[in-house]
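Start at 1 and go down the list; that is how both ligands and their atoms are numbered. This structure is a prediction, so every number in the text was calculated from the model and none was measured.
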Amino acid sequence: MNLPTEVRYRPYADWTAEERATIAKNVASSPWHTTYHLEPKTGLLNDPNGFSFFNGKFQLFYQNWPFGAAHGLKQWVHTESEDLVHFNETGVVLLPDHAHDSHGAYSGSAYEIDDKLFLFYTGNVRDENWVRDPLQIGAWMDKEGQIEKFENVLIQQPSDVTEHFRDPQIFDYKGQFYAIVGAQSLEKSGFIKLYKAVDNNVQNWELVGDLDFGGTGSEYMIECPNLVFVDGKPVLLYSPQGLDKSELAYDNIYPNTYKVFDHFDTEAPALTGNGTLENLDYGFEAYATQGFNAPDGRALIVSWIGLPDVDYPTDRYDYQGAMSLVKELSIKDGKLYQTPVAAMETLRQTTETLTSKSATNNIYELEFTVPANTTADLMLFADEAGNGLRLTVDTENGKVILDRSACGKQYATDFGTSRDCDIETAETSIRLFADKSVVEIFVNGGEKVFTSRVFPTENQTGLVVPKGITGTYYELG
Ligand code: FRU
């Protein structure tokens, strides 16, 4: 939603209790609230931040402007989870309340160090002429949720980057802390800078160099770069804005991509070996995905179900955005797979044979198989007139297609109303999660993933399953 700058950057303290209550009431009146996907209490949720493990629990913050569905003065909102399925807001927030983050506590990462959680993030600072100074800054969060910001700037804007320099991700590689930061060159192409903590002290960072990851040159900014290790292989997840479609086909306003490499050369510095550019997600919205290696080694990722510069049907209810399920990464036969964490099964309330249903509560999981040489058309969020969200699994021509043109409130139609991906022409398995206004579809065990919003009308609650499809329906709760 377009709101004037004065509104979006109005100091938090100036918002009255009455205004806050009006916003909260409006949010509560939306028909589209998710049930097991994290949403903002109020306002806009964008990137996942500080995804980490600390104090015996998983930590996940989200970028938020709390006063409406717009990108304004951002804060981080803290949640924690024991099972990676239920995330509870704790009330802790990283506020834009310091000279070094005066115009927003922008995205970043976190890592447990000596009984405290180190938060590494971008301070968005603007001067009176609205000229931006992007600062990479830090804070400690203790076990009580007290936040203490560092007084020193950890990384200043280098002379070879524009104002687009943000989203530091800290990671440990062979006992040494490194950080990668998304950047834009003076020639306006996106790249990544690699830093290392001197003597492993996170108060002191030095530049290693520009990380060679085989960028195409067409992307004008790399947002939210993340390096995780899956079975020893470095996997780079990133959001390359402006990527030329001749490099990789995509339909969303901005893509979220990945590359699986063989080696991380910390001296060059470079990611080498393999490195084919791939879409992380084939749905209508998944962006700014953040990942980290948990203490047990698992590479866990979570995505913003939303996109920058897109208006949503929920905007009139003063909120926007949701967080995806947490997915675990694995590599099989050189391919990256994304699988919802095992604890998702604890949400299953009923187990039934999959058949058509005239009405559901739109909160369910499906598991089914489509035989080879078949075109199966399922209709989710279906109404009696036969409209709904159409999922086509065509194992004869090797395609999965998601078409939302006949489901509920339409938006972002300039970017098309269907999404698809190629699959093998063979029996295909689907695991699908529906949650009121979110669908997440995992094809062939997570080899391809579709993450999307959908905003059905009140009567779009049916499920149409064609003959010949066998599977299971679980009501979730
Ligand atoms: C990505 C992003 C980040 C930035 C944050 C600000 O969606 O633009 O690059 O840090 O959002 O909210």
Side-chain angles (χ1 to χ4, degrees), residues 1 3 5 8-9 12 40 43-51 60-77 93-96 100-110 119-126 132-139 154-155 157 161-170 179-184 188 190-193 219-226 236-243 252-257 280-281 285-291 301-312 319-324 412 451:
M1 181 182 278
L3 291 177
T5 307
R8 290 183 295 117
Y9 285 86
Y12 281 24
L44 183 141
L45 170 155
N46 59 306
D47 311 355
N49 289 162
F51 192 23
L60 177 65
F61 298 78
Y62 62 85
Q63 280 281 284
N64 174 238
W65 182 59
F67 305 112
H71 291 269
L73 183 55
K74 295 284 172 71
Q75 63 175 348
W76 288 28
V77 177
V93 285
L94 179 69
L95 287 164
H100 293 154
D101 57 21
S102 56
H103 291 69
Y106 275 11
S107 288
S109 53
L119 310 181
F120 199 3
Y121 67 107
T122 301
N124 185 44
V125 175
R126 290 189 181 270
R132 179 188 264 158
D133 187 10
L135 305 173
Q136 313 313 317
I137 53 180
L154 299 180
I155 303 172
Q157 180 181 357
V161 308
T162 70
E163 56 160 358
H164 294 292
F165 179 55
R166 55 183 177 262
D167 312 334
Q169 184 224 1
I170 180 176
I180 49 176
V181 186
Q184 180 184 63
K188 306 275 159 61
F191 69 114
I192 296 172
K193 283 200 174 274
E219 53 284 81
Y220 60 77
M221 172 61 185
I222 305 293
E223 292 195 305
C224 304
N226 277 254
L236 185 70
L237 310 163
Y238 59 108
S239 298
Q241 292 185 306
L243 179 72
N252 295 345
I253 185 168
Y254 307 119
N256 199 171
T257 58
L280 185 63
D281 201 287
E285 44 255 304
Y287 195 70
T289 300
Q290 186 166 68
I301 66 166
V302 63
S303 314
W304 167 27
I305 312 180
L307 285 166
D309 307 324
V310 171
D311 290 334
Y312 281 82
Y319 79 105
Q320 187 191 116
M323 205 60 92
S324 76
T451 304

What are the distances between nitrogen or oxygen atoms of ligand 1 and protein nitrogen or oxygen atoms, counting only those under 3.5 Å?
from: ligand 1; atom 1: 7 (O); to: D47; atom 2: OD1; distance (Å): 2.7
from: ligand 1; atom 1: 7 (O); to: D47; atom 2: OD2; distance (Å): 3.4
from: ligand 1; atom 1: 8 (O); to: E223; atom 2: OE2; distance (Å): 2.7
from: ligand 1; atom 1: 9 (O); to: R166; atom 2: NE; distance (Å): 2.7
from: ligand 1; atom 1: 9 (O); to: D167; atom 2: OD1; distance (Å): 3.4
from: ligand 1; atom 1: 9 (O); to: D167; atom 2: OD2; distance (Å): 2.7
from: ligand 1; atom 1: 9 (O); to: E223; atom 2: OE2; distance (Å): 2.9
from: ligand 1; atom 1: 10 (O); to: S107; atom 2: N; distance (Å): 3.1
from: ligand 1; atom 1: 10 (O); to: D167; atom 2: OD1; distance (Å): 2.5
from: ligand 1; atom 1: 11 (O); to: N46; atom 2: ND2; distance (Å): 3.2
from: ligand 1; atom 1: 11 (O); to: D47; atom 2: OD2; distance (Å): 3.2
from: ligand 1; atom 1: 12 (O); to: N46; atom 2: ND2; distance (Å): 3.0
from: ligand 1; atom 1: 12 (O); to: Q63; atom 2: OE1; distance (Å): 2.6
from: ligand 1; atom 1: 12 (O); to: K74; atom 2: NZ; distance (Å): 3.0

Item checked: Near-ring test Y319/Y312, centroid separation under 6.0 angstrom -> no

Check: Quick check, are the ring centers of W76 and Y62 under 6.0 angstrom apart?
Finding: no

Notebook entry, point to check: Side chains of D309 and Y254: do they bring a donor and an acceptor to under 3.5 Å?
Noted result: yes

Notebook entry, point to check: With no hydrogens and no angle check, do the side chains of E223 and Y287 hold a donor and an acceptor under 3.5 Å apart?
Noted result: yes

Notebook entry, point to check: Checking D167 side chain against G108 main chain: does a donor-acceptor pair fall under 3.5 Å?
Noted result: no

Next item on the list: Under the ring pair (Phe, Tyr, Trp, His ring centres under 6.0 Å) rule, collect the residues that match up with H100, sequence neighbours excluded.
Entry: H98

